[in-house]
Participant: 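Questions regarding the structure given below will be posed in turn.
In what follows, every heavy atom counts, from backbone to side chain, and hydrogens, waters and symmetry copies are set aside. Naming convention: chains lettered A, B, ... in sequence-line order (proteins, then strands); numbering from 1 in each chain.
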Protein chains: 2
Amino acid sequence: MAKSAESPAGQPRRDARATRQRLLEAAADLFAERGYEAATVRDIAGRAGVNQALLFRYFGSKNALLTEVMAHSGQEQLRNTPPEQLFDVALRGILDNSGKDPHDRSLAVYLRSIGSHDEAADVVQALGEEYADTLATLSRADDAALRADLAMAWLLGIGLMRVVVAKEPLASADPDEVCTLVRSMLGRLLDGLPAQGGDEG
Amino acid sequence: MAKSAESPAGQPRRDARATRQRLLEAAADLFAERGYEAATVRDIAGRAGVNQALLFRYFGSKNALLTEVMAHSGQEQLRNTPPEQLFDVALRGILDNSGKDPHDRSLAVYLRSIGSHDEAADVVQALGEEYADTLATLSRADDAALRADLAMAWLLGIGLMRVVVAKEPLASADPDEVCTLVRSMLGRLLDGLPAQGGDEG
DNA sequence: CCCTTGTGTAAGCACCTGCTTACAAATGAC
DNA sequence: GTCATTTGTAAGCAGGTGCTTACACAAGGG
């Protein structure tokens, strides 16, 4: 009522902010589903319901769009999760999202777009560093950084096999079961992880 | 002297078999370095030193070339390695090859080409199944298949971080150290693995 | 009304992709 | 030498890519 130009449904008929946001979400969807290279700017603009020229007006290039998607989707989880819960949250994010709606698509984008990008590689790399650094605080061993990398490698590998390869039985396995198995292994790797379920002898 | 047509250096100047082989190796190199999509047929033919039309004469399509590369490079290791050594050999293959000459490029090709292809996905998928099936024979647990998938996920993840992401410190870590850490974890996951070095307990 | 500004579109450009066709040179049997 | 076959190349095709340009419509001020 207060704004100057609105459609009968309540949204303004021409809203740059909303259009930009729709492009951002369409890009996150398609990068996660198909990977960076396979998701074309025409597809992204089409899913957002606008002309592809707008994509370049708002983001400059496809690569800059990926950069913004990665920065936006990944760092939020990282900042809002205490270190000792990060591994669980990330693992649960992988396990719960694999078949269902991808409300957290950052890992899928990461996995499917690894090695594809040029400038955006910096953002991706930095994100990975932050995750690993956070995990490394969970070990008091001398090689804490290496142990954190190995833990992250397992996360990535599990995500790869579930999201990208869809390897059975892992792809359809019960998240609780997988989580229990992985946690019982990793308790030995990162001693700062809070124990929760243990079948370890 | 005995053959009918040789150059002064000893090789025949026109040898279909040798040319085919050079194409195959060039393809393995480039698929491993850049992934399936990013490695163009012109690049492959260029590295092999021949015209790209020959690639299509000998292999029919780029996809068929990938299929032949995957089948040739991956299954050899699989067939010639006893199950209880497979994990070690694969892990060592990742760790030793990451920076040096890629004499075994099957995992790199696998990693970089996952999710890219169409028909050739079958070959890649089948190879993964065989690896996992072999690993599953190493556990007597009910969920042996799941445990094998998790072990393979770790292999893939480590490969991903070393070969593709080049994440430090893992990328430059001492292979022995990594191997020891991973083995000490996985001894709990796959009880059929022969113990070798253990900092466990 | 005109005119500027922001938001959107249609068409096209230059380039790259996998793949094909038309043709040249080497080979080997006669 | 003659000539078919094998091995190689140069040029091009249709289609797709990221990106740009030229233009249309809406909004608001003079």
Participant: Using the test ring pair (Phe, Tyr, Trp, His ring centres under 6.0 Å), find all partners of A/Phe87 that sit at least two apart in sequence or belong to another chain.
Facilitator: none
Participant: For the residue pair A/Val165 and A/Leu170, establish whether any side-chain heavy-atom pair is separated by less than 4.5 Å.
Facilitator: no
Participant: Could you tell me whether the phosphate oxygens of D/dG8, OP1 or OP2, come under 4.0 Å of any side-chain nitrogen or oxygen in B/Thr19?
Facilitator: yes
Participant: Which residue pairs pass the salt bridge (Lys or Arg N to Asp or Glu O under 4.0 Å) test with at least one member in residues 124-135 of chain B, sequence neighbours excluded?
Facilitator: A/Lys167-B/Glu129, B/Arg79-B/Glu130
Participant: Could you state the CZ-P distance from B/Arg17 to D/dT7, rounded to the nearest angstrom?
Facilitator: 12 Å
Participant: Grab the CZ-P distance between A/Phe59 and C/dG8 for me, whole Å please.
Facilitator: 12 Å
Participant: Partners of B/Asp174 by salt bridge (Lys or Arg N to Asp or Glu O under 4.0 Å), sequence neighbours excluded?
Facilitator: none
Participant: With sequence neighbours excluded, give me every ring pair (Phe, Tyr, Trp, His ring centres under 6.0 Å) pair touching residues 139-178 of chain B.
Facilitator: A/Trp154-B/Trp154
Participant: In whole Å, what is the span from the CG atom of A/Leu23 to the P atom of D/dC19?
Facilitator: 14 Å
Participant: Using a 4.0 Å heavy-atom cut-off, write out nucleotides 12-22 of chain C from 5' to 3' as B (base contacted by protein), S (sugar-phosphate only) or - (no contact).
Facilitator: B----BBBBB-
Participant: Looking across every strand, which nucleic acid part, if any, lies under 4.0 Å from A/Tyr58 by heavy atom: base, sugar-phosphate, or nothing?
Facilitator: sugar-phosphate
Participant: I'd like to check B/Leu150 versus A/Met185 (side-chain heavy atoms, cut-off strictly below 4.5 Å). Are they in contact?
Facilitator: no
Participant: Would B/Lys62 and B/Tyr36 count as a cation-pi pair here, with the cationic atom under 6.0 angstrom from the ring centre and within 45° of the axis?
Facilitator: yes
Participant: Rounded to 10°, tell me the angle between the two end axes of the helix from C/dT7-D/dA24 to C/dC30-D/dG1, each built from five pairs.
Facilitator: 10°
Participant: Please check if the number of heavy atoms outside B/Asp142 that lie under 6.0 Å from its CG is greater than 12.
Facilitator: no
